[in-house]
Colleague: 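Take this structure first; my questions come after.
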Amino acid sequence: MLEIAAIRNNAEAVKQRLAVKNFKELNLIDEVLQLDEQRRATQTKLDENLAKQNVIAKEVGELFKQGKNEDAESKKAETAKLKEDSKQFEIDLAKAEDEIKDILVRIPNTPHSSVPLGKTPEENEVVKTVGEIPTLHEGAQPHWDLAKKYDLFDLELGVKITGAGFPVYKKQGAKLQRALISFFLDHAVEAGYMEVIPPHMVNEASAFATGQLPDKEGQMYVTKEEGFYLIPTAEVPVTNIVRDEILDTLPAKFTAYSPCFRREAGSYGKDVRGLNRVHQFDKVEIVQIVHPDKSYEVLEEMAKHVEVLLQKLELPYRVLRLCGGDMSFASALTYDFEVYSAAQKRWLEVSSVSNFETFQSNRMKVRFRDENKKTRLAHTLNGSALALPRIVASLLENHQTADGINIPAALQAYTGFKKIG
RNA sequence: GGUGAGGUGGAUGAGUGGCUGAAAUCAAUAGUUUGCUAAACUGUCGUACUGGUAAAACGGUACCGAGGGUUCGAAUCCCUCCCUCACCGCCA
């Protein structure tokens with residue numbers, strides 16, 4: 001949610017920025033400013049009214065104390081009109097506040113100045129491409145066939161138990177999952193992130209705070225009785241750790257492993273084969289709450305963190321700076337990381353690292369004290385480090401040989417085996 | 001799930017209708033004293049909205065779990081909801 005004060009001070013600049021995100025309803029900016037004007041005027045009237053009531057109440061009390069009951073009674077009568085007015089002001093104020101909020105939650109974050117123009121994923125900017133694309137042996141297979149060959153995971157079994165997109169990992173496939181999770185967590189902890197295990201369901205307030213609501217309501221699973229949302233990413237519970245807090249020290253750095261649940265309503269076709277797109281998957285997330293002056297520096301640092309992981313896994317990857325049209329609602333700047341899947345001959349997204357500036361912290365009221373002891377909104381960032389399924393897919397595909405799949409050296413201590421098959 | 005107790009500022013905790021945005025203690029913080037540590041003393045020490053200012057200062061309003069209500073006046077009385085704790089029941 002954008003800050004109303006920021007919109008007030010830079011309405012034109014905000015509109016220009018939003019245009020980069022292909023946001024069409026720029027009229028909302030003017031509407032919200034007008035409502036804000038109304039709101040403040042009403043606020044002032046209400047405050048003045050209440051101030052008068054407070055004065056009278058004090059006087060009445062004083063008169064009663066002095067035994068001047070008749071004077072007190074007549075004084076009382078003066079408040080009737082004031083109370084009536086204040087009731088109306090309160091209604092007007094609440095209405096204006098609701099309307100402002102309704103509009104604000106529909107306005108996406110303003111993109112950073114480096115965000116390229118564009119509407120589709122094809123227009124994302126390739127920042128760099130790293131690593132050799134391997135030449136596979138004759139008869140190399142995509143990961144879903146390798147999974148069958150070595151009995152690593154079973155999607156049909158998942159269908160019986162739950163439904164499509166809920167894989168059952170088995171044997172070395174299961175161990176590989178556990179190894180990757182530990183590998184990622186250890187690296188994050190070493191980089192100074194505090195490891196947490198958050199709830200895997202969140203309440204409405206938490207889902208709203210990070211921007212999943214109302215934007216992505218249809219993408220989340222909801223429990224029937226409590227109305228809890230199954231988390232689509234650990235970002236949601238982890239960032240909410242600092243909701244409504246005034247932090248004494250920045251940065252705050254958290255990492256968490258969690259399963260992620262996504263309905264992926266509307267997706268279909270070849271993109272969803274194997275582990276390319278599933279409803280439940282594992283991910284290690286990194287989150288930072290930082291000083292506004294530092295957030296872009298930290299974004300680069302987090303991107304570097306992801307890169308190192310990919311290098312250690314010996315996977316060819318590329319880094320994309322998302323264009324305005326492909327960015328998420330809440331982000332100001334996003335780097336996507338894609339690994340090359342040699343058997344499918346395509347790039348697969350495995351991580352997304354974003355700076356949200358104050359977009360989340362404004363909703364969540366995450367503040368810190370600046371040099372002048374004034375409270376200010378912090379910047380929040382998060383990134384996947386990393387999401388497992390497509391990492392697994394590319395590990396299997398890129399490292400396959402005629403007589404088995406090689407485990408990268410950095411991972412062997414975690415898997416306990418050097419080769420699958 | 002049942003019964004009982006309770007939710008006050010960073011923490012402990014006082015406050016049962018006006019003198020309470022809230023005592024006291026601790027923590028924190030600035031300073032004085034001190035050879036160091038420790039201690040002592042003095043000051044500061046909630047948040048939000050709003051007016052004001054170049055920025056402060058300063059002023060107004062709201063907030064004592066949340067939302068309603070009674071009253072000239074509510075932390076204090078009433079209603080609803082949420083949560084915490086204790087004991088019992090069930091249980092990994």
Side-chain angles (χ1 to χ4, degrees), chain A residues 1-10 32-105 197-209 223-229 237 240-250 252 259 289 292 358 360-378:
Chain A
M1 190 162 73
L2 292 177
E3 296 168 77
I4 189 75
I7 297 178
R8 206 187 293 152
N9 297 334
N10 308 294
V32 82
L33 284 178
Q34 203 185 334
L35 284 165
D36 181 52
E37 195 88 15
Q38 277 176 33
R39 191 202 106 245
R40 282 187 293 161
T42 309
Q43 174 86 256
T44 304
K45 281 191 237 166
L46 175 63
D47 285 355
E48 284 169 357
N49 181 302
L50 290 174
K52 281 182 199 160
Q53 291 187 45
N54 287 341
V55 169
I56 292 172
K58 278 221 168 81
E59 289 171 353
V60 170
E62 196 57 38
L63 290 170
F64 272 126
K65 205 175 285 176
Q66 292 171 5
K68 299 175 181 171
N69 289 14
E70 274 181 34
D71 292 349
E73 290 299 334
S74 68
K75 198 88 189 165
K76 269 194 203 177
E78 290 179 27
T79 60
K81 174 82 169 83
L82 289 170
K83 286 175 82 170
E84 209 174 290
D85 289 347
S86 71
K87 200 156 248 173
Q88 187 57 46
F89 290 144
E90 273 171 24
I91 292 169
D92 292 348
L93 187 65
K95 183 161 168 273
E97 283 172 350
D98 284 350
E99 286 174 355
I100 287 170
K101 193 168 182 189
D102 281 348
I103 292 180
L104 284 181
V105 297
I197 300 179
H200 296 165
M201 294 187 208
V202 295
N203 57 30
E204 198 178 328
S206 294
F208 177 80
T223 67
K224 201 169 183 178
E225 300 298 328
E226 299 82 4
F228 291 159
Y229 294 90
N240 271 281
I241 289 172
V242 294
R243 167 150 56 94
D244 293 323
E245 299 285 344
I246 299 173
L247 301 172
D248 293 325
T249 50
L250 293 176
I289 321 296
T358 60
Q360 290 182 330
S361 60
N362 187 34
R363 287 190 181 199
M364 280 198 276
K365 301 290 169 259
V366 186
R367 289 101 86 213
F368 69 99
R369 282 182 213 289
D370 68 9
E371 316 75 48
N372 303 318
K373 306 253 176 189
K374 290 197 88 173
T375 58
R376 282 177 66 188
L377 294 173

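Because the structure is predicted, anything quoted here is derived from the model rather than measured. So you know, we letter chains A, B, ... as the sequences are listed, proteins then strands, and number each from 1.
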Colleague: For the C1' atoms, the ones on rC87(B) and on rC72(B), what distance do you get once it is rounded to whole angstrom?
Modeller: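 Comparing C1' positions in rC87(B) and rC72(B) gives a spacing of 46 Å.
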
Colleague: To the nearest angstrom, how far is I56(A) atom CD1 from rC72(B) atom C1'?
Modeller: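 In whole Å, rC72(B) C1' and I56(A) CD1 are 8 Å from each other.
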
Colleague: Given rG73(B), is OP1 or OP2 found less than 4.0 Å from the side-chain N or O atoms of T79(A)?
Modeller: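 So the side chain of T79(A) is outside the cut-off, no N or O lying under 4.0 Å from OP1 or OP2 of rG73(B).
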
Colleague: Can you check each nucleotide of nucleotides 56-65 of chain B against protein heavy atoms at under 4.0 Å and return B for base, S for sugar-phosphate only, - for none, in 5' to 3' order?
Modeller: S---BSS---

Colleague: Taking a pair as Watson-Crick or G-U wobble with both distances under 3.5 Å, which nucleotide is matched to rA56(B)?
Modeller: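 Because no pair has both required distances under 3.5 Å, rA56(B) counts as unpaired.
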
Colleague: Tell me which nucleotide, if any, is Watson-Crick or G-U wobble paired with rU71(B) when both distances must be under 3.5 Å.
Modeller: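 Result: none.
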
Colleague: Using modelled atom types and a 3.5 Å cut-off, is there a donor and acceptor pairing between side-chain atoms of T223(A) and backbone atoms of F228(A)?
Modeller: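 Here the side-chain-to-backbone pair exists.
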
Colleague: Quantified in whole Å, what is the P atom distance between nucleotide rA30(B) and nucleotide rG15(B)?
Modeller: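 The answer is 34 Å between these two P atoms.
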
Colleague: Take the protein atom CD1 of I246(A) and the nucleotide atom P of rG9(B), then report the distance between them rounded to whole Å.
Modeller: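 Going from CD1 in I246(A) over to P in rG9(B) covers 14 Å.
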
Colleague: Both distances below 3.5 Å, Watson-Crick or wobble geometry, any strand: find the nucleotide opposite rA22(B).
Modeller: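 Its partner: none found.
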
Colleague: Hey, is the main chain of N362(A) close enough, under 3.5 Å, to the side chain of K365(A) for a donor-acceptor pair?
Modeller: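 The answer is yes, because a donor-acceptor pair under 3.5 Å joins these two groups.
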
Colleague: Are any side-chain N or O atoms of S361(A) and backbone N or O atoms of A378(A), one a donor and one an acceptor, separated by less than 3.5 Å?
Modeller: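 Pair found, side chain donor or acceptor close to backbone of A378(A).
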
Colleague: Just how far, in rounded Å, is P of rU50(B) from CD1 of I4(A)?
Modeller: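 To the nearest whole Å, that distance equals 10 Å.
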
Colleague: Between the protein and nucleotides 43-45 of chain B, which nitrogen or oxygen pairs come in under 3.5 angstrom?
Modeller:
none

Colleague: Between rU47(B) atom C1' and L377(A) atom CG, what is the distance in whole Å?
Modeller: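 One finds 13 Å between C1' of rU47(B) and CG of L377(A), rounded.
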
Colleague: Taking a pair as Watson-Crick or G-U wobble with both distances under 3.5 Å, which nucleotide is matched to rG89(B)?
Modeller: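 Across any shown strand, rG89(B) pairs with none.
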
Colleague: Take the protein atom NZ of K365(A) and the nucleotide atom P of rA48(B), then report the distance between them rounded to whole Å.
Modeller: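 Distance, rounded to whole Å: 9 Å.
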
Colleague: Expressed in whole Å, how much space separates the C1' atoms belonging to rG46(B) and rU42(B)?
Modeller: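 Per the computed distance, 23 Å lies between those C1' atoms.
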
Colleague: Under 3.5 Å for both donor-acceptor distances, Watson-Crick or wobble: does rG17(B) have a partner, and if so which one?
Modeller: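 Pairing partner, where one exists within any strand: none, as none qualifies.
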
Colleague: Distance from M1(A) atom CE to K101(A) atom NZ, nearest 0.5 Å?
Modeller: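 NZ of K101(A) is found 6.0 Å from CE of M1(A).
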
Colleague: Suppose we define a pair by two distances each less than 3.5 Å, Watson-Crick or G-U wobble; what does rC64(B) pair with here?
Modeller: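 Its partner is none (no Watson-Crick or G-U wobble pair with both distances under 3.5 Å).
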
Colleague: I'd like a list of close polar pairs between nucleotides 75-85 of chain B and the protein, N/O only, cut-off under 3.5 Å.
Modeller:
none

Colleague: Considering only the C1' atoms, how many Å lie between rG73(B) and rA27(B), rounded to the nearest integer?
Modeller: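 Here rG73(B) and rA27(B) have their C1' atoms 36 Å from each other.
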
Colleague: Pair K76(A), E73(A) - check side-chain contact (heavy atoms from CB on, under 4.5 Å), show working.
Modeller: CA-CA 5 Å; K76(A) 269 194 203 177; E73(A) 290 299 334; 3.6 Å; yes

Colleague: How many angstroms lie between CD in Q43(A) and CD in E90(A), if you round to the nearest 0.5 Å?
Modeller: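 Going from CD on Q43(A) over to CD on E90(A), the span is 10.5 Å.
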
Colleague: Does either side chain, that of N203(A) or that of S206(A), offer a donor lying less than 3.5 Å from an acceptor on the other one?
Modeller: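 Indeed, the side chains of N203(A) and S206(A) share at least one donor-acceptor pair under 3.5 Å.
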
Colleague: Rounding to an integer number of angstrom, what distance separates rU3(B) and rG89(B) when you compare their P atoms?
Modeller: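 Rounded to whole Å, the distance is 15 Å.
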
Colleague: In whole angstroms, how far is the P atom of rG73(B) from the NZ atom of K75(A)?
Modeller: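 So the two atoms are 15 Å apart, to the nearest Å.
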
Colleague: Give me the distance, rounded to whole Å, that separates rC49(B) from rU44(B) when you measure between the C1' atoms they each carry.
Modeller: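 Rounded to whole Å, the distance is 24 Å.
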
Colleague: Starting at NZ of K68(A) and ending at P of rC72(B), how long is that distance when rounded to a whole Å?
Modeller: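 The distance from NZ of K68(A) to P of rC72(B) comes to 21 Å, rounded to the nearest Å.
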
Colleague: Using the C1' atoms only, state how far rA22(B) lies from rG13(B), rounded to an integer number of Å.
Modeller: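 12 Å, rounded to whole Å.
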
Colleague: Whole Å only: how far is the CD atom of E37(A) from the P atom of rU50(B)?
Modeller: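 Rounded to whole Å, this separation is 11 Å.
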
Colleague: Name the pairing partner of rA40(B), where a pair is Watson-Crick or G-U wobble with both distances under 3.5 Å, or state none.
Modeller: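 Its partner is rU32(B).
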
